[in-house]
Structures are given as structure tokens and as C-alpha cells.
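Structure record follows, encoded as C-alpha cells.
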Amino acid sequence: MVELIFRRKADALRCQKHLCAPSWIKETQIQRCSHYAISIEVKTDRDRISLGTSLTTFIINEMWKGWTEETLKADYYYNDPEEVDQICAIISEMRSGERPELTELLTDWDESGLVLGEVQNLLCHPAPVTFDSFATFRLKKLHDKWREMLGLAIDEYKMEQEYQVFIQMLREYLAIRGERTDTIHLYPSRTGFRFFDGHYTEVTKEELMNAIDKRLFFQHPLYVDSSTIAPLLSLAPRSIFVYGSEEEKIVTTLRNIFEDRLDILPVSYFPDPCIPLDLANE
């Protein structure tokens, strides 16, 4: 028989859901505080191995979010539930492999192997175990890794918030600017987008530089690039046709700024006779 003691009933119930062996929960008093003990039937070595795997899955898949929420509130002073949820969502995406640009910044480690080793050591002791104490002291390396992941998630969250503020400021600028030109076509090149007017005549770099509203660089000097966003905002077209992939970051940013004004088309849709020779040879 193995007995695990939890401070919170919700944790005990979540743990029980992961167990394959027969188990039951009872309330007990420790230092005049209610705790919840799970008694787990373990008869054979196979049962013990299965229990170790189940507890490892519980710790990795369930405990990280509760630990993250507590750490955000206690150590980083994030008390807004929406902010906490957004940071947890970033970590969840990292854990599921949806944020490779972030996970590649983490040091390599075997999360399952680390946890399973400590759990197996835990199950070798017949005495009841306070699970919270086990998690605090025996899983310190795990918490260190989770903290590393949390730090990346917080930095990413802050960057995403700054990006949203940046996008909103440019939308407001565009709303005030109105519509200054009819149509602009953006054709991709090795050095960035080339601009064409509604008749597919290329707009020269000199013309673009002369069209730029210099106030953009005073108001948003760190974010507005002079090659694409600044001239496009200054020209304020009624319609923008971007030839390329929506997966490109610059295209996503343009979509977020110009919204309904912008359409994304395959490169093949740009009329061949209108492609300058130097672009055609790239």
C-alpha cells in the first residue's frame, strides 16, 4: 500500500484520475489543518512500475500549471487572471511544440526521466509521503527548469503586449491619415518588398523616401522600418495587394495594421510583363 498526502483536495482528485490501481481518498488532520490522503493498492512490482509512470504523467501534465500560477502571483506579482492565463497559454504551446523559437532557447533536459527517477525513489519508502514536500524538495531540478521556461514565457508575453500596443498606435495613425492613394502592389524581392502603383508601375526608392511622413520616426523610432511599413503608412492606400505568404512575419504585421485594406495573393498572380528585369532574374 502506498499513501500520498495532499494539502488540497483538488490536487488529490486530479492525481487519482491518473492512477490505474485501486485507490481511495480520505480526509486527515495534520497540525490542525485538513489534508487529503490517497491510499493506493500496490501488490506487485508491475503495480509499482505502473504507479510510477502514472505519477510521473500527473506531475508533468497537471502540476506545471498550478505551480506556474502560484509562482506568477507570488514571485512576479501577476494578479490579473487574464495575464496569468495568457502566460500559461504560451507555456502550454511551448510544451506542445508549437513555440520552437522559444523551446530551442531552453537547455536540453529529460523531463520525464528526471521525474520518473525521483518518483521511483519515493515509492521505495513504505511510510506515508506528503506530496507537496516531495514536490518542493525532491523536484527542485524540475522547478528550476519550469522557472527557466516561465522566464521565457514572461518575456514573450511582454513582447507580445508591446507589439499589440505598437499595432494599435499605427492603426490610429492610419485612421487619421485616411486614404492618400488608391492602390499599391507589394512584390517580394531578396531585399524586401518592391512597391508598384495601381498601374503596376514601380515606385522608386527616391519617391518612397520623399513620401514618408517623417513624424513616424519621431513617434515610433524603434518599430517603424523605413523600407516597408513607413512608406506604406505614409501613402495610406485604399487597397494593398501583397504577393507572398501570410506566414512571413512582415506580412502578418502588415495584415494586422491595414486589416481590410490588405489582400494577400500568390506571387504568380502578379502580371509577368510588369515584373522588372532584375526581379525576374532573381
Side-chain angles (χ1 to χ4, degrees), residues 86 90 93 98-105 152 155-282:
Q86 290 184 36
I90 293 172
E93 291 169 357
E98 297 176 44
R99 296 279 192 136
E101 76 281 3
L102 296 179
T103 51
E104 68 183 11
L105 300 176
L152 289 174
D155 289 343
E156 182 69 11
Y157 170 73
K158 289 179 179 178
M159 289 178 61
E160 290 179 0
Q161 292 304 300
E162 290 176 1
Y163 176 79
Q164 292 302 324
V165 171
F166 159 66
I167 293 295
Q168 185 58 37
M169 287 192 298
L170 296 189
R171 285 176 181 167
E172 291 172 359
Y173 170 88
L174 189 62
I176 296 171
R177 188 99 173 143
E179 296 177 357
R180 299 295 181 97
T181 54
D182 184 54
T183 301
I184 288 292
H185 298 269
L186 296 181
Y187 189 89
S189 72
R190 290 175 182 171
T191 56
F193 282 109
R194 301 270 282 268
F195 283 62
F196 296 81
D197 63 19
H199 302 288
Y200 295 99
T201 300
E202 184 167 11
V203 184
T204 66
K205 289 184 178 180
E206 183 179 357
E207 290 172 326
L208 289 176
M209 291 303 296
N210 290 334
I212 290 176
D213 180 1
K214 303 302 187 292
R215 290 175 300 175
L216 283 167
F217 298 114
F218 292 106
Q219 295 169 354
H220 315 289
L222 298 179
Y223 298 104
V224 180
D225 75 280
S226 60
S227 61
T228 304
I229 295 177
L232 206 52
L233 283 167
S234 302
L235 292 170
R238 181 176 60 84
S239 299
I240 304 167
F241 296 96
V242 180
Y243 298 84
S245 169
E246 193 164 5
E247 294 179 359
E248 296 178 41
K249 288 186 178 180
I250 182 62
V251 176
T252 301
T253 296
L254 293 176
R255 164 71 81 190
N256 290 335
I257 296 170
F258 293 94
E259 300 180 292
D260 294 341
R261 297 193 193 193
L262 184 142
D263 287 300
I264 301 170
L265 302 172
V267 175
S268 59
Y269 277 37
F270 196 91
D272 287 342
C274 301
I275 302 176
L277 186 60
D278 63 318
L279 273 178
N281 291 332
E282 283 191 357

Rounded to the nearest 0.5 Å, how far apart are NE2 of H199 and NE2 of H185?
9.5 Å
One pair to check against side-chain contact (heavy atoms from CB on, under 4.5 Å): L186 and L254. What are the steps and the verdict?
CA-CA 11 Å; L186 296 181; L254 293 176; 3.9 Å; yes
What distance separates I250 CD1 from R255 CZ, expressed to the nearest 0.5 Å?
13.5 Å
Take atom CD of E172 as the centre, draw a 6.0 Å sphere, and report whether it contains more than 12 heavy atoms from other residues, nucleotides or ligands.
yes
Can you tell me how far apart OG (S239) and CD (E179) are? Round to the nearest 0.5 Å.
7.5 Å
Point-to-point distance, once rounded to the nearest 0.5 Å, from CD1 of I184 to CZ of F193
13.0 Å
In Å and rounded to the nearest 0.5 Å, what is the NZ to OG distance from K205 to S227?
9.0 Å
What I'd like to find out is whether the side chain of E160 reaches to under 4.5 Å of the side chain of Q86, using heavy atoms alone.
no
Partner of L235 under side chain to side chain contact (heavy atoms under 4.5 Å, CB included), picked from L208, D182, I212, is L208
Would you say CG of D278 has more than 12 non-hydrogen atoms from neighbouring residues, nucleotides or ligands within 6.0 angstrom?
yes
Heavy atoms, side chains only, cut-off 4.5 Å: are D197 and T181 in contact?
no
Evaluate Y200 against F270 for ring-ring contact (aromatic ring centres under 6.0 Å, His included), listing each step before the verdict.
CA-CA 9 Å; Y200 295 99; F270 196 91; 5.3 Å; yes
Heavy atoms, side chains only, cut-off 4.5 Å: are P276 and F196 in contact?
yes
Counting C-beta onward and ignoring hydrogens, is there a side-chain heavy-atom pair between Q164 and N256 closer than 4.5 Å?
no
Rounded at 0.5 Å granularity, tell me how far CZ in R171 sits from CD in E259.
4.0 Å
So which atom in A236 and which in G178 form the shortest heavy-atom distance, rounded to 0.1 Å?
CB-O, 3.3 Å
Answer yes or no: are there more than 12 heavy-atom neighbours, outside E101 itself, under 6.0 Å from its atom CD?
yes
Any side-chain heavy atom of L232 sitting closer than 4.5 Å to one from P237?
yes
So, do L233 and L170 sit near enough that their side-chain heavy atoms are less than 4.5 Å apart?
yes
So do R177 and S234 actually touch side chain to side chain, heavy atoms under 4.5 Å?
yes
Determine whether a donor-acceptor pair (N or O, by modelled atom type, separation under 3.5 Å) exists between the side chain of T183 and the backbone of R238.
no
Within-4.5 Å side-chain heavy-atom neighbours: I257 and Y173
no
Test side-chain hydrogen bond (donor to acceptor under 3.5 Å, both in side chains) on S245 and E248; report intermediate values, then the result.
CA-CA 6 Å; S245 169; E248 296 178 41; 5.1 Å; no
Backbone N/O of L216 and side chain of D213: donor-acceptor pair under 3.5 Å
no
Closest heavy-atom pair, F195 versus T228, reported as atoms and distance to 0.1 Å, is CZ-O, 3.7 Å
